[in-house]
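All heavy atoms count here, side chains included; hydrogens, waters and symmetry mates do not. Lettering of chains follows the sequences in order, A, B, ..., and the numbering in each one begins at 1.
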There are 2 protein chains.
Amino acid sequence: MDRQERNAQFMRALMDLRSLVLEGEFVPGDRLPETTLAERLGLSRTPLRQAMDRLVDEGLLERNETGGVRVSRFSMDDIRDAIELRGVLEGTAARLAAERGIRPGLAEEMAQVLDGLDRATEGELDFKAYVPLNDRFHDLLARLAGSSVIAREVERMGRLPAASPGAFMQGQELIPDFRASLRRAQWQHRAIFDAIRNREGARAEALAREHARLARTNLEYVTSQDPSLAERVPGLSLVGE
Amino acid sequence: MDRQERNAQFMRALMDLRSLVLEGEFVPGDRLPETTLAERLGLSRTPLRQAMDRLVDEGLLERNETGGVRVSRFSMDDIRDAIELRGVLEGTAARLAAERGIRPGLAEEMAQVLDGLDRATEGELDFKAYVPLNDRFHDLLARLAGSSVIAREVERMGRLPAASPGAFMQGQELIPDFRASLRRAQWQHRAIFDAIRNREGARAEALAREHARLARTNLEYVTSQDPSLAERVPGLSLVGE
DNA sequence: TGACCGATTTCTGTATACAAACTACCTTCT
DNA sequence: AGAAGGTAGTTTGTATACAGAAATCGGTCA
């Protein structure tokens with residue numbers, strides 16, 4: 001929690017509106033008039049407009065010619081490209097971390113996260129433990145190059161619609177072979193960190209890129225094999241055409 | 001321009017404040033109280049706050065613990081990383097354009113820009129013509145992959161402080177060997193487009209990355225050889241330590 | 001002299017008022 | 001019937017009022 005009171009209305013507007021949109025409460029193209037929505041969310045237009053600006057920046061909403069906002073419509077290509085970009089940026093973070101070397105503190109933290117992920121995937125799958133550890137891995141990876149600029153932009157990519165590292169974790173316990181898929185992911189986590197420690201920049205970059213493509217595989221599975229899962233992936237209800 | 005009247009105060013706040021900060025009107029760390037600044041810029045707090053939010057997002061300003069904003073302090077490493085990231089993203093745009101193929105319309109447009117750049121660099125250097133054409137090249141490159149997601153994020157990278165393709169063009173007519181440097185840049189422009197047309201994705205990516213490093217070379221020249229030039233590069237006045 | 005405390009001022013977050021632009025609907029005229 | 005125009009109702013952009021938090025400053029007391 002950033003600041004509990006300082007920003008309360010704005011934070012509430014941001015969270016609530018983002019949830020509404022991601023959960024498919026609106027249809028792509030729907031206009032979101034400020035007055036109506038402010039009343040519905042129980043706050044004034046000022047913090048709501050701030051939240052709208054932010055969500056426009058994230059790509060979830062878009063501005064129409066007269067200044068109002070509407071819910072964005074995504075194509076599968078948009079999501080595919082967002083995932084690709086996350087891979088590219090995480091790859092860059094990994095490469096730079098390898099080239100520059102990493103701080104011992106971060107290395108230690110990363111080792112603990114990886115051990116935790118091992119425990120969550122070996123034997124019986126512990127999904128509840130896996131998800132937050134996976135988030136921490138990706139958060140650490142963003143910061144591993146020791147650059148605030150890199151960290152900021154990597155994290156930003158994870159906020160693009162359906163591109164976050166955990167975006168396809170929601171309904172995956174239903175995917176056959178899911179445990180094997182997470183084991184492969186964890187093997188990649190280890191390989192990425194190994195490459196970074198060995199100062200193998202190119203290898204680290206390639207591995208991180210490939211790792212992001214797991215999300216793309218899941219995207220393709222969800223849409224082609226089991227469209228009923230699509231509702232459980234936040235944001236996928238906005239895919240049109 | 002976008003909309004002349006619709007957003008007038010916000011646009012004015014954004015442009016004016018960005019100019020003030022980039023031109024070094026403030027010292028890094030300076031607080032920017034809303035009331036005072038709104039009065040100075042001749043508008044109300046509402047559009048000014050919008051502009052501040054945007055500039056915080058761009059990295060030019062940062063928020064302090066109590067919600068106010070102050071002017072950011074950059075290190076050389078920050079600028080170096082921002083340039084690196086621009087190279088990575090332009091490289092990705094180039095690679096994807098190569099892999100996916102490009103629309104004939106864009107190819108034609110790109111050919112014209114490259115011809116114009118040739119004319120501006122052969123014989124007597126036409127600096128006034130070069131700068132806007134160079135901007136158009138980078139704008140086109142961002143859109144060449146045919147993805148709005150890619151285009152948006154590539155363009156965003158160019159707005160990070162001192163990372164834009166033209167950031168170091170300001171004082172460069174004073175740099176010795178400047179004409180030769182622009183000829184090398186133009187040679188790279190041609191090579192990037194050639195790789196894209198030949199569907200050589202890896203080559204296109206590597207070339208675009210290397211092209212961005214010209215900015216880094218210029219950064220190092222300016223800071224080590226001729227610090228007096230630093231004042232003429234927008235944003236470089238914010239580099240502290 | 002120095003530290004602590006309180007009052008005053010400043011600053012930010014939020015709500016709201018107001019005006020200009022836009023939309024939509026209804027009427028009227030050809 | 002269809003087009004044009006006007007009017008009422010939304011909707012957004014901007015300014016401003018107000019409350020609570022933070023900072024500042026001065027004074028008092030040890």
Side-chain angles (χ1 to χ4, degrees), chain A residues 1-21 25-73, chain B residues 1-21 25-73:
Chain A
M1 323 309 165
D2 266 303
R3 311 175 212 97
Q4 292 174 351
E5 289 309 322
R6 191 84 208 158
N7 257 0
Q9 302 310 307
F10 164 63
M11 284 300 175
R12 210 153 62 74
L14 183 61
M15 305 295 189
D16 291 358
L17 183 52
R18 182 157 42 200
S19 298
L20 286 180
V21 174
E25 179 76 17
F26 305 104
V27 171
D30 273 2
R31 289 193 58 184
L32 300 181
E34 297 172 1
T35 321
T36 327
L37 199 59
E39 194 172 358
R40 173 166 175 186
L41 296 180
L43 30 77
S44 80
R45 286 177 56 211
T46 309
L48 175 60
R49 294 189 97 222
Q50 265 183 282
M52 283 175 158
D53 278 346
R54 180 76 72 92
L55 293 179
V56 166
D57 183 63
E58 287 182 16
L60 220 53
L61 307 177
E62 40 186 41
R63 231 160 252 301
N64 67 24
E65 5 357 288
T66 68
V69 304
R70 61 172 165 248
V71 176
S72 298
R73 162 179 273 101
Chain B
M1 314 320 160
D2 267 303
R3 311 176 211 95
Q4 292 175 349
E5 290 307 323
R6 193 85 207 158
N7 257 358
Q9 301 310 307
F10 164 63
M11 284 299 176
R12 210 153 61 75
L14 183 61
M15 305 294 188
D16 290 0
L17 182 52
R18 182 157 41 202
S19 298
L20 285 180
V21 174
E25 180 75 18
F26 307 103
V27 171
D30 274 1
R31 290 193 59 185
L32 300 181
E34 296 172 1
T35 321
T36 326
L37 199 59
E39 193 172 359
R40 172 166 175 186
L41 296 179
L43 30 77
S44 81
R45 285 177 56 211
T46 308
L48 175 61
R49 293 188 100 225
Q50 267 184 281
M52 283 175 158
D53 278 346
R54 180 76 73 91
L55 293 179
V56 166
D57 184 63
E58 288 183 16
L60 219 54
L61 307 177
E62 44 188 37
R63 231 162 250 301
N64 65 26
E65 13 346 296
T66 67
V69 302
R70 61 173 165 245
V71 176
S72 298
R73 175 189 314 281

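The neighbour count for B/E25 CD, taken as heavy atoms of other residues, nucleotides or ligands under 6.0 Å away, is above 12. Other residues, nucleotides and ligands contribute at most 12 non-hydrogen atoms within 6.0 Å of the CZ atom of B/R54.
Salt-bridge check for B/R73 with B/D30: failed, with every basic side-chain N at 4.0 Å or more from each acidic carboxylate O.
Atom P of nucleotide D/dT12 and atom CG of A/L37 are separated by 10 Å, given to the nearest angstrom. Distance A/L14 CG to C/dT14 C1': 16 Å, rounded to the nearest Å. When the C1' atom of C/dC11 is taken as reference, atom CZ of B/R45 falls 8 Å away, rounded to whole Å. The CZ atom of A/R49 sits 8 Å away from the P atom of D/dT12 (whole-angstrom rounding). The distance between atom CZ of B/R12 and atom P of D/dA15, rounded to the nearest whole Å, is 8 Å. Atom CZ of A/R31 and atom C1' of D/dT12 are 9 Å apart (whole Å). Distance A/Q9 CD to C/dT14 P: 6 Å, rounded to the nearest Å.
Of the possible donor and acceptor atoms, none in the side chain of B/N7 sits under 3.5 Å from a partner among the backbone N and O of B/M11. When atom types are taken as modelled, the side chain of B/R6 and the backbone of A/T66 share a donor-acceptor pair closer than 3.5 angstrom.
Taken over five-pair windows at either terminus, the axes of the helix from C/dT1-D/dA30 to C/dT30-D/dA1 are inclined to one another by 0° (rounded to 10 degrees).
The distance from the CE atom of A/M52 to the CD atom of A/E34 is 5.5 Å, given to the nearest 0.5 Å.
Between the side chain of B/T66 and the base of D/dA22, no donor-acceptor pair under 3.5 Å is found.
Closest approach to the B/N7 side chain among C/dA15, C/dT12, D/dG13 is made by D/dG13 (side chain taken as heavy atoms from C-beta onward).
An OP1 or OP2 oxygen of D/dA15 is reached within less than 4.0 angstrom by a side-chain nitrogen or oxygen of B/S44.
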